[in-house]
There are 2 protein chains.
Amino acid sequence: MSRKYKKMKNSQLYKGSLNTIIMKLLEENGKMYGYEITQKVKAITQGELNITEGALYPALHKLEAEGLLDVEIEKVDNRMRKYYKLTETGQKENVNRLSELEDFIRNMQSLVNPSPKLEF
Amino acid sequence: MSRKYKKMKNSQLYKGSLNTIIMKLLEENGKMYGYEITQKVKAITQGELNITEGALYPALHKLEAEGLLDVEIEKVDNRMRKYYKLTETGQKENVNRLSELEDFIRNMQSLVNPSPKLEF
DNA sequence: CTATTATGTATAAGAATCTTATGTATATTT
DNA sequence: AAATATACATAAGATTCTTATACATAATAG
């Protein structure tokens with residue numbers, strides 16, 4: 001019964017980007033555990049994106065089930081940690097997803113920031 | 001019984017961005033009808049993002065119900081068109097959403113393209 | 001010292017958004 | 001004459017997320 005009310009309400013825009021974020025962070029850091037990922041994301045985005053456990057853990061389990069992540073359990077200070085890292089398949093898939101993300105960002109910028117109409 | 005198979009499977013990344021896209025296009029073009037929006041988006045993204053009717057029409061109806069869009073029916077060539085435009089509230093809300101989108105893009109770039117670690 | 005907060009994982013119920021599949025109808029092109 | 005393009009609409013199911021719990025230990029605050 002800890003877990004104080006944390007009203008986060010991330011922008012809907014982040015919906016669908018969690019898997020890509022997880023995989024990119026794992027690529028970058030080698031291995032990470034769930035709680036560490038939430039803290040890292042919060043730090044990088046200066047508190048703007050707060051990944052909830054209810055979203056994170058199912059996502060990690062799914063990526064593992066799909067063979068994109070490997071898990072390795074450690075016990076630190078008597079507390080359990082599940083370290084995740086990309087499998088080889090995961091590394092290949094990560095390349096695709098980052099490429100998709102670049103396309104996505106480029107397309108969103110085209111939509112929102114159209115090249116100005118030329119005046120004659 | 002037309003409707004040829006159109007397998008689109010947009011990247012999950014676009015999930016959550018439809019409302020923002022709609023409102024931005026309406027701000028830019030004054031008024032648009034549904035089908036026009038799908039074609040415009042396809043053109044701008046060079047075919048990479050294909051908005052489905054099953055997503056678009058419910059989204060338009062919801063934005064209208066929320067008071068962000070106004071609708072105006074016209075008949076062109078004996079075919080119905082429902083033109084949508086931003087209400088005043090919608091214009092204000094659009095500013096917020098575009099600002100959220102900028103933050104989102106910035107954050108995603110930070111996550112994916114971190115500033116290189118300095119070496120000493 | 002005891003209550004809260006931080007660290008750490010997990011799942012279930014429900015909301016929100018989207019894909020896929022239809023349905024209806026007219027205009028245009030093949 | 002048939003297929004495609006234009007134009008709207010909704011329902012079923014999938015996916016992803018929020019919110020609310022649950023359990024457990026370590027560290028900090030009052």
Side-chain angles (χ1 to χ4, degrees), chain A residues 1-22 31-43 49-66 69 71-84 97 104, chain B residues 1-22 31-43 49-66 69 71-84 97 104:
Chain A
M1 199 132 30
S2 53
R3 199 81 72 223
K4 268 277 160 322
Y5 239 58
K6 22 179 179 177
K7 245 212 185 155
M8 319 211 155
K9 202 52 179 170
N10 293 323
S11 164
Q12 292 285 359
L13 292 168
Y14 291 96
K15 192 165 286 211
S17 61
L18 180 56
N19 290 330
T20 305
I21 291 172
I22 290 171
K31 65 173 190 177
M32 299 178 82
Y33 55 101
Y35 186 75
E36 187 184 11
I37 293 175
T38 66
Q39 299 308 301
K40 190 79 168 177
V41 167
K42 194 188 292 189
L49 177 55
N50 289 284
I51 297 180
T52 59
E53 305 111 311
L56 179 67
Y57 293 113
L60 288 171
H61 301 160
K62 183 151 182 276
L63 288 171
E64 189 195 351
E66 290 169 347
L69 302 188
V71 66
E72 187 190 323
I73 299 180
E74 275 187 40
K75 206 151 191 183
V76 179
D77 273 335
N78 212 31
R79 271 199 246 96
M80 180 177 55
R81 280 187 191 169
K82 290 180 76 173
Y83 277 97
Y84 290 90
R97 300 211 182 182
F104 167 66
Chain B
M1 199 134 25
S2 53
R3 195 87 70 231
K4 269 276 158 329
Y5 237 57
K6 21 178 181 175
K7 256 229 165 124
M8 319 210 156
K9 203 53 181 169
N10 293 324
S11 164
Q12 291 285 1
L13 292 167
Y14 291 96
K15 192 166 287 212
S17 61
L18 181 54
N19 289 330
T20 304
I21 292 172
I22 290 171
K31 63 173 191 177
M32 299 179 83
Y33 55 101
Y35 186 76
E36 188 185 10
I37 292 175
T38 66
Q39 301 307 301
K40 190 79 169 177
V41 167
K42 195 188 291 190
L49 176 55
N50 288 284
I51 296 179
T52 58
E53 303 112 311
L56 179 68
Y57 292 114
L60 288 171
H61 301 160
K62 184 151 181 276
L63 289 170
E64 189 195 350
E66 291 168 347
L69 302 188
V71 66
E72 186 190 323
I73 299 180
E74 274 187 39
K75 206 152 191 183
V76 179
D77 274 336
N78 212 31
R79 271 201 246 94
M80 180 178 55
R81 281 186 189 169
K82 290 179 76 173
Y83 278 97
Y84 290 90
R97 301 211 181 182
F104 166 66

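No hydrogens, no waters, no symmetry mates; every other heavy atom, side chains included, goes into these values. Order of the sequence lines sets the chain letters (A, B, ...), proteins ahead of strands, with each chain counted from 1.
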Q) For dA7(D), does either OP1 or OP2 sit under 4.0 Å from a side-chain N or O belonging to Y33(B)? A) yes
**Q.** Integer-rounded Å distance: dC8(D) C1' and L56(B) CG
**A.** 10 Å
Q: With sequence neighbours left out, write down each residue that passes salt bridge (charged side-chain N to carboxylate O under 4.0 Å, His left out) with R97(A), or none if nothing qualifies.
A: E93(A)
Q) Does Y14(A) have any side-chain hydrogen bond (donor to acceptor under 3.5 Å, both in side chains) partners at least two apart in sequence or in another chain, and if so, which? A) N107(B)
Q: Examine dC18(C): is either OP1 or OP2 under 4.0 Å from a nitrogen or oxygen in the side chain of N10(B)? Give yes or no.
A: no
Q) Under the salt bridge (charged side-chain N to carboxylate O under 4.0 Å, His left out) test, which residues partner E36(A), sequence neighbours left out? A) none
Q | Partners meeting side-chain hydrogen bond (donor to acceptor under 3.5 Å, both in side chains) with E64(A) (sequence neighbours left out) | A | none
Q.
Within this structure, what is the CD-CE distance for the pair Q39(A) and M32(A), rounded to the nearest 0.5 Å?
A. 10.0 Å
Q. Over how many whole Å does the gap from M80(A) atom CE to dA10(C) atom C1' extend?
A. 8 Å
Q) Taking CG from N50(B) and C1' from dT19(C), how many angstroms apart are they, rounded to a whole number? A) 13 Å
Q | With sequence neighbours excluded, residues passing side chain to side chain contact (heavy atoms under 4.5 Å, CB included) with K15(B) | A | K15(A), Q12(B)
Q | Value in whole Å for how far the P atom of dT7(C) lies from CD1 of I51(A) | A | 16 Å
Q: Look at H61(A) and dT9(C) and indicate whether a side-chain polar atom (N or O) is within less than 4.0 Å of OP1 or OP2.
A: no
**Q.** Qualifying residues under side chain to side chain contact (heavy atoms under 4.5 Å, CB included), relative to K31(A), sequence neighbours excluded
**A.** E72(A), E74(A), Y83(A), K85(A)
Q: Could you say whether Y84(B) or Y35(B) is positioned toward the 5' end of DNA chain D, judged by the nucleotide with the nearest heavy atom to each?
A: Y35(B)
**Q.** For atom CD of E53(A) and atom P of dA12(C), their distance in whole Å
**A.** 16 Å
Q: Using whole Å, report how far CD of E74(A) lies from P of dT7(C).
A: 18 Å
Restricting both atoms to N or O, compile the protein contacts to nucleotides 27-30 of chain C shorter than 3.5 Å, with distance only.
| from | atom 1 | to | atom 2 | distance (Å) |
| --- | --- | --- | --- | --- |
| dA27(C) | OP1 | D77(B) | O | 3.4 |
| dA27(C) | O4' | R79(B) | NH2 | 2.8 |

(Q) Going by the rule ring pair (Phe, Tyr, Trp, His ring centres under 6.0 Å), which residues pair with Y35(B) if we only count those two or more places apart in sequence or in a different chain? (A) none
Taking N or O atoms only and anything under 3.5 Å, show me the protein contacts with nucleotides 13-17 of chain C, one pair per line.
| from | atom 1 | to | atom 2 | distance (Å) |
| --- | --- | --- | --- | --- |
| dA16(C) | O3' | Q12(A) | NE2 | 3.4 |
| dT17(C) | OP2 | K62(B) | NZ | 3.1 |
| dT17(C) | O3' | G16(B) | N | 3.4 |

Q.
Expressed as a whole number of angstroms, how long is the span from Q39(A):CD to dT5(C):P?
A. 16 Å
Q. If you check every side-chain atom of Y57(B), which of dT19(C), dT7(C), dA9(D) has the closest atom?
A. dA9(D)
Q. Looking at side-chain heavy atoms only, is the closest gap between H61(A) and Y84(A) below 4.5 Å?
A. yes
Q | Rounded distance (Å) that lies between atom C1' of dT6(D) and atom CD of E36(B) | A | 12 Å
